[in-house]
Amino acid sequence: MRTSWADSASEIPVSDNGSTPRPTRSAYVPPHLRNRQASDAPNLPGPATERPGFCGTAGGSRWSGGGAPKPELGHSGPGYGYAGGLVGRGGSGGGWNNRSRGWDKREREVNPFDDDVDGKTVDVEQAFGEPENTGINFDAYEDIPVETSGENVPPPVNTFAEIDLGEVMNQNIRRCKYVKPTPIQRHAIPIALAGRDLMACAQTGSGKTAAFCFPIISGIMREQYVQRPRVGRAVYPLALILSPTRELSCQIHDEAKKFSYQTGVKVVVAYGGAPINQQLRELERGVDILVATPGRLVDLLERARLSLMMIRYLALDEADRMLDMGFEPQIRKIVEQMDMPNRGVRQTMLFSATFPREIQRLASDFLSNYIFLTVGRVGSSTDLIVQRVEFVLESDKRSHLMDLLHAQRENGAHGKQALTLVFVETKKGADSLEHWLCINGFPATTIHGDRTQQERELALRSFKTGKTPILVATDVAARGLDIPHVAHVVNFDLPNDIDDYVHRIGRTGRAGKSGLATAFFNEGNLSMARPLAELMQEANQEVPAWLTRYASRAPYGGSKNRRSGGGRFGARDFRRESSFGKNLDYYGGGGNSGNAAYGVPSNYGGGYAPGVTSAWD
DNA sequence: AAAAAAC
């Protein structure tokens with residue numbers, strides 16, 4: 001999904017031939033090219049710069065050096081989709097973009113940033129009366145505990161400068177207003193750059209997308225002109241990023257476009273509910289990184305318009321969702337039964353804010369000698385989210401919501417009304433609540449799986465821009481979506497799983513900003529009493545006495561993520577939970593695994609010290 | 001039981 005400012009950026013007029021944006025200003029020179037000599041080529045491997053089209057084997061990659069079998073190529077010649085740029089290129093230095101289509105024939109990439117729309121910035125900030133898009137409030141993430149396990153964990157970095165992503169990407173990072181890496185980025189990026197498989201758990205809104213995108217883009221830049229087969233009409237991406245919802249795939253795509261701007265690395269998105277032909281055309285123009293939802297991906301594979309044979313990087317966002325009951329067979333099919341290289345050959349990275357142990361066990365099938373990383377302490381990010389629970393009878397929910405919204409309207413002093421995201425259990429419930437809000441004077445819209453994709457995208461856009469400051473949503477909007485200015489998340493219907501609750505409330509309090517989450521609880525939510533009370537307590541939230549009473553009576557429930565011995569929320573490496581000396585094959589063939597594999601001593605054995613353990617979120 | 005994900 002596009003953010004509102006990105007929307008504007010993409011509305012640069014395009015000429016009829018469709019290839020060259022025609023901005024009103026003349027001859028825009030990208031900032032990173034200003035004051036630059038033509039021969040000022042970036043630090044790229046020599047051969048690639050000299051003969052870009054014919055550099056068959058990548059230097060310095062884990063595939064050429066590590067002894068891992070490289071997929072055999074049935075064909076030689078320039079990589080698919082880049083042939084055009086390899087012809088007739090001037091011999092003088094090559095320029096910044098070795099993968100583009102050459103100086104003259106180069107297609108102008110639409111600027112994905114908001115700093116360059118006909119010279120004016122899009123004023124989301126004014127509309128909401130607070131600065132936005134100024135990057136992440138890093139102070140909110142200082143000093144939070146990190147746990148890693150696995151063999152030879154690469155050390156974290158403190159700055160983007162330490163990880164040499166190249167000048168082009170550095171410029172993109174600056175344009176994203178990222179000043180320094182977030183903790184998940186500090187730890188995950190070196191691990192990923194070292195070629196290691198990774199299972200990473202970090203708080204909602206803490207910068208996971210960049211944490212897996214940066215290494216992928218940088219890796220593909222280093223590889224330079226991997227030769228790709230040409231068989232039938234298939235295209236051969238080098239990286240695959242899967243996510244559980246269409247809107248999330250769009251969002252990741254938009255982010256990845258920013259990170260890869262002017263690198264020549266091509267990012268394409270494919271998802272259902274939208275015309276496939278357009279997506280096929282985009283794919284045919286060349287794809288290095290494919291962002292997709294599972295259904296459409298399988299469709300493309302079955303049509304033989306896509307092959308995973310050349311995949312070097314596989315990333316699953318919201319990985320625990322991707323591997324839960326509904327999705328797991330499809331993911332297994334994609335990863336194990338199509339033509340994707342095996343684990344250990346490709347590099348696999350799994351990211352989420354939650355990682356139930358059972359899902360970790362499943363996930364280990366896809367990983368090889370992986371590092372488990374968890375960043376963030378109980379309550380660190382959720383300190384930013386004030387959580388409230390109110391006892392509201394089913395029949396009172398609507399009027400109670402109305403009261404909240406009225407109060408909010410009166411408090412919302414300047415600018416537009418703060419955005420409120422209301423979660424309900426069912427699609428029908430979403431429609432009916434939306435209708436009710438509208439006829440009661442609250443501009444609302446709704447997003448759920450029974451709406452057309454067009455309606456879904458329109459709803460999200462309308463919400464983001466503040467046109468309809470209330471969005472009623474099912475769990476389709478629970479994960480990953482980054483919607484600035486969501487001040488309030490209302491769990492009108494509580495979910496049945498505490499992890500879903502965590503993801504839902506994580507739609508607010510993002511990038512170091514604060515937020516409010518209100519839940520309506522009643523007798524229908526008894527199974528959530530205990531996990532909710534525990535979660536809130538560990539996040540230093542005020543737990544109402546009545547909820548504590550319900551919790552003490554209630555059985556364990558509301559979670560796939562059984563917390564052993566007294567409610568330790570957390571993403572903890574499930575490999576630690578198995579008896580030492582057993583189950584060593586969970587290391588996926590690492591060979592010399594054992595106790596020494598653990599990079600950081602754990603408080604294994606149940607010693608749970610509140611506040612100093614790993615992320616739950 | 002619901003939600004999501006292809007046509």
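These numbers come from the heavy atoms of this one structure, side chains and all, not from hydrogens, waters or symmetry mates. Reminder, nothing fancy here: chain letters follow the sequence lines and each chain counts from 1.
Residues passing the salt bridge (charged side-chain N to carboxylate O under 4.0 Å, His left out) test with A:R388 are A:E390, sequence neighbours excluded.
OP1 or OP2 of B:dA6 has at least one side-chain nitrogen or oxygen of A:R246 nearer than 4.0 Å. In terms of phosphate contacts, A:K428 brings no side-chain nitrogen or oxygen within less than 4.0 Å of OP1 or OP2 of B:dA2. For B:dA1, neither phosphate oxygen OP1 nor OP2 lies less than 4.0 angstrom from any side-chain nitrogen or oxygen of A:T426. Using a 4.0 Å cut-off, no side-chain N or O of A:T474 falls inside it from OP1 or OP2 of B:dA2.
With A:R479 as the fixed residue, the salt bridge (charged side-chain N to carboxylate O under 4.0 Å, His left out) test singles out one of A:D499, A:D320, A:D324: A:D320. Partner A:I470 forms a side-chain contact (heavy atoms from CB on, under 4.5 Å) with one of A:L405, A:L421, A:T445 and no other, that one being A:L405.
The CE-C1' distance, from A:M325 to B:dA1, rounds to 10 Å in whole Å. Computed from coordinates, the A:I276 CD1 to B:dA6 P distance equals 10 Å when rounded to whole Å. For A:R303 and B:dA6, the CZ to C1' distance is 9 Å, given to the nearest whole Å. Regarding A:L316, its CG atom lies at a distance of 16 Å from the C1' atom of B:dA4, rounded to whole Å. The distance between atom OH of A:Y271 and atom P of B:dA5, rounded to the nearest whole Å, is 11 Å. Remark: C1' of B:dA1 and CG of A:D497 are 13 Å apart, rounded to the nearest angstrom. Atom CD1 of A:I334 and atom P of B:dA4 are 18 Å apart (whole Å). With rounding to whole Å, A:R451 atom CZ is found 18 Å from B:dA5 atom C1'.
Ionic pairing of A:D493 and A:K397 is present here: one or more N-O contacts between side-chain nitrogen and carboxylate oxygen are shorter than 4.0 angstrom.
Counting only residues at least two apart or on different chains, no salt bridge (charged side-chain N to carboxylate O under 4.0 Å, His left out) pair has a member in residues 428-445 of chain A.
At the heavy-atom level, A:G272 lies under 4.0 Å from the strands shown only through sugar-phosphate atoms. Among the heavy atoms of the strands lying under 4.0 Å from A:V476 are primed sugar atoms or P, OP1, OP2 only; no base atom is included.
Closest to the side chain of A:T245, out of B:dA2, B:dA6, B:dA4, is B:dA4. Checking B:dA4, B:dA1, B:dA5 against every side-chain atom of A:N496, the shortest atom distance belongs to B:dA1. The side chain of A:Q330 lies closest to B:dA5 when the candidates are B:dA5, B:dA2, B:dA4. Comparing B:dA4, B:dA6, B:dA3 against the side chain of A:R456 picks out B:dA4 as the nearest. For A:E302, counting side-chain heavy atoms from C-beta on, the closest listed nucleotide (B:dA2, B:dA6, B:dA5) is B:dA6.
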